[in-house]
Amino acid sequence: MIKITFPDGTKKEYKKGISSLEIAEEISPKLAKEVYAASVNGEIRDLSRPIDTDANLKLHKWDDEEARHAFWHSSAHLMAEALEAIYPGIKFGIGPAIENGFYYDVDPGDGRAITEADLPAIENKMKEFAAQNQSFIRKDVSKKEAMDLFTSKGDEYKTELISELEDGTISLYTSGNFVDLCRGPHLPSTEPIKAIKLTSVAGAYWRGDEKRRMLTRIYGITYPKQKMLDEYLVFLEEAKRRDHRRIGKELELFTFSPKVGMGLPLWLPKGSDVRQHLIDFLTKILKKRGYKIVTTPHIGNVNLYKVSGHFEKYGASSFQPMSTPQEGEQFMLKPMNCPHHCEIYNATPHSYKELPLRMAEFGTVYRYEQSGELHGLTRVRSFTQDDAHHFCRPDQLREEFKSIIDLILYIFKILNFNDFTAQISLRDPDNKEKYIGTDENWERAEQDIISAAGDKNLKTTVVPGEAAFYGPKLDFMVRDAIGRKWQLGTIQVDYNLPERFDLTYNGSDNQKHRPVMIHRTVFGSMERFVAVLIENTAGKLPLWLAPEKAVILPISDKFNDYALKILEILNNSDICTLIDDRSEKIGKKIRDNELKRIPYLLIVGEKEAENGSVSVRKQGEGDKGSMKIEEFVNFINSEIKKEIEI
RNA sequence: GCCGAUGUAGCUCAGUUGGCCAGAGCAGCUGAUUUGUAAUCUGCAGGUCGGGGGUUCGAAUCCCUUCAUCGGCUCCA
């Protein structure tokens, strides 16, 4: 007998070799139908694997990521089986579960292509196999055995993977006629896979290496119930409606023109207004926090970037330098503000007493992003960073860093960005030549970040290899409508540029000392930030950011004069207001202006004209009753104040 | 940059296997209506069918090329 301990602490004895599935069945047959994977002593396992020793057992239902993972991983195998049936000789790369569903990278063979038009046929085949209730059978094999199998199949991708595995750790899973190299775990059988949707095909380099062959990646998602799939597809549709590219066009916030150039955003008046509200807001906060605002040109001498290291690192993949006609001097479009800021620092001597020095600029930079990478406002070739550099003494670094974490969290809170993640990006220890600076500086900087984030109790994930070339960083990431993660705020510790630019200050010992530099943004870029803001709010921007706060809707033409009077009062009170004096019915005017996401609709008719009031309708919420005009002005101002003062 | 897909009016989309002057709804402009909390009615106008080249008696439709967009991959100072 073995002793099984459940998550709630209860213990129960079972006969040796019982499987997790059998245990679940014994507890209740209903439970057995709902579990998809099990953790045995913290290790995720197939439900069908026997347990031979005393163990802690956790059964995973759909709500656990482990369960979905097993479900989708099994679905990937199911898809592979269908592919092999339809395309004999097809070769397989990797086919993992992902956050929402799964994919499989395949090589259909020369002259054969799989396109979206082929997906329904593959789906149908999958449904056919799933209905056969095929078991997933695990088999541990030797390296040679695995090698022989896939060599005989002529699958060079699998054999490459096997060659890197250690003997004794290799397992195969068989379902139907399909055998795959796989660590597992899997569902006991294909039976629970009821609803299947293949969502897209895309190219993906083998092993993520652009020098290697491009495989065809097929994405899909499956569920145990059709209703769950339907709900997911509805969610995707809704997400599309929140897409900032769509809303930006609808609400006339920004546009792009092929004549101007791809990836070069054109801010329309309303979008420009939103952007300016954000800039004004942040500027006010920065001044309170002791930042000095500076302004620098959009180009800089190529030597500037040779000093900073940007030219060596990015010169070849940048917009190429332009030269002056007479002297042939070379200038680059500014890809970053930091070199300029270093030279501002160098313009005057500094004493240890005046540090930290906080220098901020809404600086527009230009980067050559690959054409395939451009994406609405989130990835562009010209963007304005809310950039700042803190120059401080080494002993001030930690406090300075923490104060920036506070600033970012404060701004995110005001904007209701609660769903962000914090990521510590370190140097890739195996690829040190990608970075500038000494090991000592890097280790110091990485420790600085880790301990500052620790002091702030910030929940972080640590990702090696994601650092900037001059230093490690703490990134704040937010998701867009379809779940893609974008970096907004970032805080970067840098010991290297101060050396390259020979930045110094006089210490209390009257000696020259080297300051440390912190690079930071809160919004990241105005472009990306507005994009994420639009998607988070579905275009219903908070009152303080809305380019138009209210629109007056006269019941009929008879009240246009009164409406114009109010319009003047509101606009004179700095409340940007419109009037909709079309001779339409009030229902139509309400509908149209609701769709424009204007925060307040002010309906005026006979009653209101008589007593100097407006009938207030809040966007998305409906009728709020009537208010005197002065009352409404005060109301709006206090609402705005509430929004931006936590 | 790479793989795949898409491109018809300001927007959302129709346009069968190539065949009469390329259609609809919304938006716009006319005119009527004067309206009380999410769509009043009439009429009009609007398109080199992304650009260029080709095949054909004939191309929105087929082929080539180019530009742009979309989904991924790679990249992201």
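Chain A is the first sequence line, chain B the second, and so forth, proteins listed ahead of strands; every chain is numbered from 1.
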Show each protein N/O and nucleotides 60-70 of chain B N/O combination with a separation under 3.5 Å, one pair to a line.
from  : atom 1 : to       : atom 2 : distance (Å)
B/C70 : OP1    : A/Arg245 : NH1    : 2.9

Under 4.0 Å, heavy atoms only, any strand: does [X] hit a base, just the sugar-phosphate, or nothing?
X: A/Gln487; answer: nothing
X: A/Tyr470; answer: sugar-phosphate
X: A/Gly208; answer: sugar-phosphate
X: A/Arg617; answer: base
X: A/Glu621; answer: nothing

task = Assign the ring pair A/His375 / A/His244 to parallel, tilted or perpendicular, where the plane angle (0 to 90°) is split at 30° and 60°.
result = tilted
task = Name the orientation class of the two ring planes belonging to A/Phe632 and A/Phe635 (parallel below 30°, tilted from 30 to 60°, perpendicular beyond 60°).
result = tilted
Starting at [atom1] of [X] and ending at [atom2] of [N], how long is that distance when rounded to a whole Å?
X: A/Lys596; N: B/A39; atom1: NZ; atom2: P; answer: 16 Å
X: A/Leu119; N: B/G72; atom1: CG; atom2: C1'; answer: 13 Å
X: A/Lys585; N: B/U35; atom1: NZ; atom2: P; answer: 11 Å

Base [N] to side chain [X], donor-acceptor N/O within 3.5 Å cut-off:
X: A/Arg246; N: B/C11; value: no
X: A/Tyr205; N: B/G1; value: yes
X: A/Glu250; N: B/G10; value: no

query = What pairs meet the side chain to side chain donor-acceptor pair (under 3.5 Å) rule with one or both residues in residues 606-617 of chain A, with sequence neighbours excluded?
reply = A/Glu594-A/Arg617, A/Asn611-A/Ser613
task = Name the residue closer to the 5' end of RNA chain B, choosing between A/Lys473 and A/Arg582 according to the nucleotide with the nearest heavy atom.
result = A/Arg582
inquiry  = Need to verify one output field. Residue with the more 5' nearest nucleotide on RNA chain B, A/Glu369 or A/Tyr219?
reply    = A/Tyr219
note = Taken in chain and number order and not counting sequence neighbours, the residues that satisfy side-chain contact (heavy atoms from CB on, under 4.5 Å) with A/Lys197 are A/Glu123, A/Thr199, A/Ile221, A/Leu229, A/Leu233
request  = Go through the structure and list residues passing side chain to side chain donor-acceptor pair (under 3.5 Å) with A/Gln619, not counting sequence neighbours.
outcome  = none
Whole-Å C1' distance, B/C62 and B/C49 = 15 Å
inquiry  = Could you tell me how far B/G15 sits from B/A9 if I compare only their P atoms? Round to whole Å.
reply    = 15 Å
message = Near RNA chain B, counting only heavy atoms under 4.0 Å, which residues of residues 554-561 of chain A show up?
response = A/Ile555, A/Ser556, A/Asp557, A/Lys558
ask   = Contacts to RNA chain B from residues 587-595 of chain A, heavy-atom cutoff under 4.0 Å, which residues?
value = A/Gly587, A/Lys588, A/Ile590, A/Arg591, A/Glu594
By salt bridge (Lys or Arg N to Asp or Glu O under 4.0 Å), which residues pair with [X], not counting sequence neighbours?
X: A/Glu639; result: A/Lys642
X: A/Asp494; result: none
X: A/Asp448; result: none

Sort me out a list of protein N/O and nucleotides 41-46 of chain B N/O pairs below 3.5 Å, or just none if empty.
none

Watson-Crick or G-U pairs under 3.5 Å in RNA chain B, rendered as dot-bracket with [ ] for crossing pairs and | for another strand = (((((((..((((.....[...)))).((.((.......)).)).....(((((..]....))))))))))))....
List, with names and distances, any nitrogen or oxygen atoms from the protein found under 3.5 Å away from nitrogen or oxygen atoms belonging to nucleotides 3-6 of chain B.
from : atom 1 : to       : atom 2 : distance (Å)
B/C3 : O2     : A/Gly203 : N      : 3.0

task = Would you tell me if any nitrogen or oxygen in the side chain of A/Arg379 comes within less than 4.0 Å of OP1 or OP2 on B/C75?
result = no
